[in-house]
Amino acid sequence: MKRAMAVSGLFFIFFVLFHCYGNLKYFLGEDAYNGYAHHLRTMFEPILPYEGLLWILRVLLLVALVVHAGAAFHLWARNNKARGSDKYAVKKASAEYYASRYANRTMRWGGVILLLFIVAHILQFTTLSLQFGGHYYSGDAYENMYIAFSHWWVWLMYLVAVCSLGLHVWHGVWSALQSLGATRKNTIPGIRLVAFLIAAALVVGFMSVPTAILFNIGIAAPVDGPWPIPVH
């Protein structure tokens with residue numbers, strides 16, 4: 001179960017790193033960002049049909065999500081069953097012990113927040129069923145992002161989700177590599193550093209575009225929208 005969580009979790013990390021890189025293309029302007037979004041749908045045509053690559057990724061992500069969440073729930077239920085009604089601490093109370101408990105709780109509740117965010121994110125920017133902040137336009141990813149993050153409360157919701165992602169990845173990289181047997185006494189400092197750097201890069205990368213939109217820093221307004229002044 002832990003290895004299943006590790007492999008599926010690492011797959012998610014590679015995906016969000018790629019997704020974060022793609023989001024940064026927003027700073028190149030409307031044509032570049034919308035062109036990137038369109039290219040994702042036409043990539044490998046005619047070998048794959050329109051949106052073929054995206055549907056392959058969606059299926060893989062769904063499978064990874066089921067495996068990851070299912071393994072996490074199974075391990076949580078098994079640990080609770082093994083503990084039974086005994087609530088005494090089996091480890092000496094120390095800073096390391098409390099840090100471990102905090103990390104485990106962060107992973108559990110952070111995972112729930114991320115699951116809810118994933119659903120909301122798909123409904124917001126993929127199916128356009130949840131149009132936070134205004135009316136979204138099919139095929140105009142640049143303007144939809146601008147509309148959404150021109151509102152502070154949408155930015156705040158995104159911040160909570162991204163911070164949860166950062167904490168989840170920070171602990172998750174360490175836990176995954178430990179489950180796969182990659183941790184040794186001499187590799188622990190390097191793994192901790194890598195885990196922190198990946199988590200920090202994701203938080204900064206994902207929040208850079210929404211923050212630039214909200215505070216109107218280096219972002220050009222959409223050509224066709226009722227802009228340029230965002231409504232905060």
Side-chain angles (χ1 to χ4, degrees), residues 1-24 40 53-83 89-92 94-122 158-208:
M1 285 292 130
K2 287 185 177 180
R3 287 181 179 178
M5 283 192 69
V7 173
S8 57
L10 291 175
F11 175 73
F12 274 120
I13 290 173
F14 284 120
F15 172 78
V16 294
L17 284 171
F18 175 78
H19 186 27
C20 182
Y21 165 76
N23 279 7
L24 294 177
L40 290 177
L53 178 63
L54 287 181
W55 276 108
I56 291 174
L57 285 174
R58 287 164 184 164
V59 171
L60 291 176
L61 287 169
L62 180 60
V63 171
L65 179 62
V66 171
V67 171
H68 198 76
F73 179 79
H74 176 82
L75 290 170
W76 171 76
R78 190 179 69 180
N79 290 341
N80 282 346
K81 183 178 180 180
R83 186 181 301 114
V90 296
K91 292 184 179 180
K92 181 180 178 181
S94 62
E96 184 177 354
Y97 168 68
Y98 287 117
S100 177
R101 288 184 61 189
Y102 176 76
N104 287 334
R105 290 178 179 177
T106 299
M107 290 294 286
R108 186 183 308 161
W109 293 109
V112 173
I113 293 174
L114 287 176
L115 181 59
L116 295 175
F117 172 72
I118 289 170
V119 174
H121 194 62
I122 291 173
Y158 198 72
L159 176 64
V160 172
V162 169
C163 287
S164 298
L165 173 65
L167 289 172
H168 206 77
V169 168
W170 190 1
H171 181 69
V173 169
W174 164 265
S175 180
L177 294 179
Q178 185 179 41
S179 297
L180 296 175
T183 55
R184 301 288 188 273
K185 186 176 181 179
N186 61 332
T187 62
I188 290 176
I191 290 176
R192 286 178 174 171
L193 178 61
V194 169
F196 172 77
L197 290 177
I198 292 176
L202 287 173
V203 172
V204 173
F206 275 124
M207 288 308 302
S208 60

**OP:** Verify side chain to side chain contact (heavy atoms under 4.5 Å, CB included) between Val16 and Phe206, making sure each step is shown before the conclusion.
**Re:** CA-CA 9 Å; Val16 294; Phe206 275 124; 4.3 Å; yes
**OP:** Carefully, step by step, assess Phe12 and Leu65 under the rule side chain to side chain contact (heavy atoms under 4.5 Å, CB included).
**Re:** CA-CA 8 Å; Phe12 274 120; Leu65 179 62; 3.8 Å; yes
**OP:** Check the pair Phe11 / His68 against ring-ring contact (aromatic ring centres under 6.0 Å, His included), numbers first and verdict last.
**Re:** CA-CA 10 Å; Phe11 175 73; His68 198 76; over 10 Å; no
Original post:
Run the side chain to side chain contact (heavy atoms under 4.5 Å, CB included) check on Gln178 and Trp174 step by step: do they pass?
Top reply: CA-CA 6 Å; Gln178 185 179 41; Trp174 164 265; 3.9 Å; yes
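A pairwise comparison of heavy atoms in Ala6 and Ser179 identifies CB-CB, 4.1 Å as the closest pair. The shortest heavy-atom contact between Ser208 and Leu24 is OG-CD2, 3.3 Å. Nearest heavy-atom pair, Ala71 versus Met5, reported as atom, atom and distance to 0.1 Å: CB-CG, 3.2 Å. Across Ala201 and Cys20, no two heavy atoms sit closer than the pair O-SG, 4.3 Å. Contact record, Ala199 with Gly166: CB-O, 3.3 Å, taken as the closest heavy-atom pair.
Residues Val162 and Leu202 have side chains not in contact (no heavy-atom distance under 4.5 Å, counting atoms from C-beta outward). Side chains of Leu60 and Phe15 form no contact here, defined as non-hydrogen atoms less than 4.5 Å apart.
Rounding to the nearest 0.5 angstrom, the gap separating the CG atom in Leu193 from the OG1 atom in Thr187 is 12.5 Å. Note that the CD1 atom of Ile13 and the NE2 atom of His168 stand 8.5 Å from one another [nearest 0.5 Å]. Distance check: Ile122 CD1 to Arg58 CZ gives 8.0 Å after rounding to the nearest 0.5 Å. Atoms OG and CG, on Ser164 and Leu115 in that order, are 12.0 Å from each other to the nearest 0.5 Å. Here CH2 of Trp170 is found 13.0 Å from CD1 of Ile198. Values are rounded to the nearest 0.5 Å. A distance of 6.0 Å separates CG in Leu10 from CG in Leu180, rounded to the nearest 0.5 Å.
Within the 3.5 Å criterion, the main-chain N or O of His171 finds no donor-acceptor partner in the side chain of Ser175.
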